[in-house]
Each structure stands twice: as C-alpha cells, then as structure tokens.
2 protein chains.
Amino acid sequence: MVTIKDVAKHAGVALSTASYALSGSDKVSPKTRELVLQAAKELNYQKNGFAMDLKRKSTKTILLILSDLSGPYYSELIRGTQEVTLSNGFDLIACSSVGGADSTAYKFLQERRVDGAIVLDPNISEHLLRESAREGCPIVVMDRYVEGDFIMNVAADNVQGGYEATRYLMDQGHRDIAWIGGPSNSLGSQHRKEGYLKALQEEGIANTKWMLVGNFTEEGGYHSTKVLLMQEERPTAIFYGNDEMAIGGYKALREFGLSVPEDVSIVGFDDIQVAEYLSPPLTTVRQPKYEMGTMAAHLVFQAMGGEYVNKSYKLKIELIERLSCQPPRLAPNRGKGMET
Amino acid sequence: MVTIKDVAKHAGVALSTASYALSGSDKVSPKTRELVLQAAKELNYQKNGFAMDLKRKSTKTILLILSDLSGPYYSELIRGTQEVTLSNGFDLIACSSVGGADSTAYKFLQERRVDGAIVLDPNISEHLLRESAREGCPIVVMDRYVEGDFIMNVAADNVQGGYEATRYLMDQGHRDIAWIGGPSNSLGSQHRKEGYLKALQEEGIANTKWMLVGNFTEEGGYHSTKVLLMQEERPTAIFYGNDEMAIGGYKALREFGLSVPEDVSIVGFDDIQVAEYLSPPLTTVRQPKYEMGTMAAHLVFQAMGGEYVNKSYKLKIELIERLSCQPPRLAPNRGKGMET
DNA sequence: AAAACAAATCGAAACGTTTCGATAAATTTC
DNA sequence: GAAATTTATCGAAACGTTTCGATTTGTTTT
C-alpha cells in the first residue's frame, strides 16, 4: 500500500512537503510540486480518505437513509437532496436499514462516519437518532416527527392531502367514501386519515363502516378491497392510503366485475410512476418530493452552519386529477357478496 | 467530542483496557467491562469509525455506484447485492457519479474508502476503474466490458435477448421488423441489435431501412417511432432497445391511429415495473437483475478472499410474453404519411 | 510461604494523514 | 556584503482507534 510517505521519499522531500504539494497548497515551489506529483503518479498513489477525515475532523459527506435502497418511491426526493448536497461541495451516500441494528444505517450513524443525515425510514429508532444527532451531524427526518437537538422534521402536509382528496370526491357528489389506510405505525397514513375524517365531518358524515387498513402493498390493497366489497353495502368511492394499494384495489374491483370509475371512483396517494399508465389513469395526490428533498438537504447545511432553523416543516400537497373518478350513480351501490 | 480516552479516564482504566472492554474481548474481567460500558453510556461515547478503519486497514463496506441514485431501473439488482453483502457481514452504500470527477463515486473509489465496488454506471472511466481496483478493492462492472486486474464483468446476455425477441416475432410470422435502439455508447444496446440482426439473417432478411436510434427515454422512443411511421413502408413489428422507448412508441402509434398489437406488434427490453400495467401489457425481455446483483456481490467477496474467479460472466435472459404481439395481417402495412 | 503460572491491566507503537511552529534557503533591502 | 525579510522545506505532534508485548495482580501448586 503506497502512502504519502513513500511518495515523499521517492520525490526526495519531507512528508509534510509532499502533503502540501498534493493538496495544492501554494506554500510549495512549483518545481517541487511537480516533482511530488510525478512521484505520486509513478507510484500510483491513492490517498487514504479516512486518515484525512480523521485529521480534519470532518467527512464532507451526508448520509441518506432509506428503508429499502431498491424502492422506487424516492426517486425525485433523492434527486433533490443530491443536487443540493453536491452544490454545497458535499458528497451524498445512501444506505438502508435492512439488517436492523447491524445495518449499514446504524453503523454509519453510530460511528460518526458522516457530517449529516437525512432519514426516510420508519425503522430507525428515535433513540438512535437522538443519540447520533449532534453539532457536527444534524439530522433531518422525513415523514415522521422526532424531537431532539439537531433533529429537524420535513413532511408533506398529509392532513391537507387527505382532506383535499376526500373533498374532491365529495364535490363530485360522493358521500359513501371508504378509506383503506396504511399500517398504523405510519404517521403519514394516520394524517391522511385525519384529513379524510375532517372532510367527512364537515359534511356531517360519520363514517365508521368503511375504514380498513392495508400494509401499503399492492397485495394488501387487494385483500382489503375484497373485504370491503363483500360487505352488504358498498361505497361509491374508495380513497387509498397509497398508490400501490390502489393498484391492488383495481384488481379486486375487476374481479368483482366492477369498473372504475363507472361503478366506483378511486383516489390514490403518492403519484408513483405507474399511476398515469394504469387504466384508467389514477387520480391521486402528489407529494412535493423534489422540494422535500431539497429542503431537507438545505436544512442540514443550515444547521451545520449553526444557523437557527425551525424544527419542523410541512409542505403543501397537490391533487393530480386523472380519470379514476366521476360522480356517483344516483342509486346507492348495493353489495351482492362475492362473485368469483 | 468524547473519545475512548475520556471513557477510559472516567472508568479509571487504561485506554487499551477500555478498548478491549468496548470491543467485547475476553481479555478483560467482567467487572471492569461493566465499568467501562457504564462510563461509555454516561458520556454518550460514540466510536469513531474512521480511526478504527484506519487501524484495521479494512472498511468492511462495499460501494454500489449508480449513474443516477434516483433511477428505478436497479431495484431488483440492488436487492440482490444488498442481501449478499449483508450476509457476508459487510455494509453496502450507494452513490452516483453525478458531478463527474467531483462526484461521490470518484471520491470514494480514489480515496480507498471501501473494500470493493459494484459499478452500474457508464460514466465511470475505465481509467479510474483500473486505477482503483486492487487486491483490497476488487471491482465488478455491470453491463459493460472492462479489462484489468481485480476487475470482473457481469452482464446479461444481450445478444441472446435481442435474438430471442426477434425470433419470437418471426415465429409469429413477422418479417418486417423495425429496431429502435439506444445510444451507441451503450454496449447493451449494441448487443441487442446484434442479436436482432443475427435472427434476421438466419431467415435471409437484410433489413436496413428500419433501424433507428433513440436515447433510451420515452421521449426518444416517441420521436423515433414517429420518424419510422412517416416512412413510405411500415414494419409490422417494432423491437425497442428498452421499455421506456416502447412506452414512447405506444404513444406515437396512438397518435397515428394505429393500435397495438392489431396493427403493429411491439417488444420492449428490460421489463420495468410499468410494463405489465401498460395497455396492452408489454411483451418484453427480462434481464435476471436479481441474479446479476447477487452474482456481482459474490464475485466481489470471492475476489477479496483471493479465490480465482473468471473475469467475465454472462447471464441468460428471459422473454416475458404479454399482449403486445400477434401475427401480422396478411396484407403488408402501407404508410400514408402523418395523420395528426 | 515461596515458586510457578494464569489472568488482568497497562504503556506504547502504529495506521496515514494534516498542520503548526521551527529551520533552512533564497531573496530583498540598506 | 551583512542584515532583514520573504519563501520553501522540514520535523513532530495530533487525530482516535487497535493490538503487541510487558507488567502487575491474583491464583494455584509445591
């Protein structure tokens, strides 16, 4: 392993001089700089980044923690954080919490391998977050709420999103609107439901019979929808906690011989990529992912710089109107049990 | 910043003893171990990972380089590498080459911050790869071919894929098959085209008039398809270099009043997530992404262990039959110019 | 109770950098 | 051409760990 020491020796200068030369300091004369650079090239010298970080007491990298590195969900959000990070001269690396306490996320947070983190992952414990966040490593947590020093929160305004989606359906005349939510540990899902209930209450509707939970997967949406459809009375519209579940819903409805939007209107949440390719294209609610990403990154840098920053941010959400909704039929929908 | 030194002092033991205690060595008595752990907790001690790596001369992490962290393309592949990496007790971090020579990818490779790398990115120069690959850091390059010590290659057998897709169309009776390929710097696209031509040649078809290039985007596919359709004579089938372009093709065909598969059969490449949700669902060619991922990771570990490994691997590809193809009409397709 | 041995603890070197303060060399000033 | 000043180079300490070999402490054996 060739180190700076070898380079120095090979160039016939002191180790410190080699260091200056390699880092482009002007303390060194042009000709020795050349000498050192030449030596480095000949020996194929590669600096050891850790040693540098150790001495410098800074890593210039920030960590993005995702619950699943391979998820398609994050695309725009990542792009946002990446752009900001890069333009601040920092590096961005991503990892996941797969593996629990042995996961890469834990290791990198606990071992102070980064100067900041953006967490988009419900699996990282609050304890770890509070333990790891410090002056030299502010943390932004997305889509959940965690209090602590050097911890900030960024989320979409899920309550508003839930409210607007429901309102949209009600404006079309729907009154029997079902909710199929995500897992109860998802704060986002809870908030969406809250918005949903708020909208219903405004019209004096107290709906309890059409509220189910899925698990944010297509499979879960499929099953919950089936359960829903087997009930005596059917809703005229279904609002899903996310798009994946809505996809499952499409499938279940098809199996029941019901068509979207003629028989049942559907609204999803997230606006994932496939949403616009479904038939019919899915009306859904879009979170401002890109903006969330840039905002998170900016917050990290501000906190690093010691600037005062608000602890918690909520970003506005937008309804994407496609073709999965229409006004309900006049007659109420009556269930007839399973048809398959 | 509290270091192990502080912990040792607080516990009233030597620094080295503290180190042993913290790393769970049995050289230390149970009661002092307890003492040290207690002190560490009280001071909220967090070990400095770099210092450790520096001393240990190993990082136990491998790097996954993607051309774009936010791309949906990699999902399965990432899952594969992640599983293998984790089960070997290593960590996986991902980064992108956005930013060129200042990118995170460059920094991490050049500064020896990892013990191995998997590269899925055409933008990383061969030079950098050869420079960075070494005994302590083997590199697996995917979907391209790079020679060098400690560099291995894993790719899907694109020639075979191109061949089978074309063969499939020909077996249905198609003879006028167009090719809309990706950018010419993509080795994969070249290979697919090679397979396509091979299949055609077997039947003695020398097709030159229906070969176009897109840029692997929906937009590119859309435009190339338009160009294709404006020609005098039209093919009965189109084979796209990837699925995104096929999506653009669907759109262009619709605008020309042509329907899939009645008027034109279509085959894509990649089997991205949306493919099955298109209407009609897209017949396409699936690369064994997951297997490619696990294989890449395994190779890295084998090379680390000093085991001899073949330099280059090709994995078989699979045709996914959906509904975008059918036998051609008897009469040849005649173009009538633009209709919009 | 002294000798022999094992167990627990310690001190110090090392990993590969950066950077400060000191020295040596080159340049300017009088 | 000696003194003062600038410029270039150097040596050494520091960053926070791990780990080797040495020392101390405690336990067993004779």
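Taking A:Phe216 as the reference, nothing meets the ring pair (Phe, Tyr, Trp, His ring centres under 6.0 Å) condition, with sequence neighbours excluded. B:Asp121 is linked by a salt bridge (Lys or Arg N to Asp or Glu O under 4.0 Å) to nothing, counting only residues two or more places apart in sequence or in another chain. Here A:Phe108 pairs with nothing under the ring pair (Phe, Tyr, Trp, His ring centres under 6.0 Å) rule; sequence neighbours left out. A:Glu126 is linked by a salt bridge (Lys or Arg N to Asp or Glu O under 4.0 Å) to A:Arg130, counting only residues two or more places apart in sequence or in another chain. Judged as a ring pair (Phe, Tyr, Trp, His ring centres under 6.0 Å), and not counting sequence neighbours, the contacts of B:Phe301 are B:Phe90. Take B:Ala39 and apply the side chain to side chain contact (heavy atoms under 4.5 Å, CB included) test, not counting sequence neighbours, and it matches B:Val7, B:His10, B:Ala11.
In this structure, A:Ser132 contributes its side chain and A:Leu129 its backbone to no donor-acceptor pair below 3.5 Å.
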In the 5'-to-3' direction, what one-character label does each nucleotide of nucleotides 16-26 of chain D receive under the scheme B = base within less than 4.0 Å of a protein heavy atom, S = sugar-phosphate only, - = no such atom? BBBBB------
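Here salt bridge (Lys or Arg N to Asp or Glu O under 4.0 Å) pairs that include residues 8-28 of chain B, with residues two or more places apart or in two chains, number zero.
Note on the helix from C:dA1-D:dT30 to C:dC30-D:dG1: angle between the axes of the first and last five pairs equals 50°, rounded to 10 degrees.
Contact check, B:Thr32 against C:dT9: a side-chain N or O comes under 4.0 Å of OP1 or OP2.
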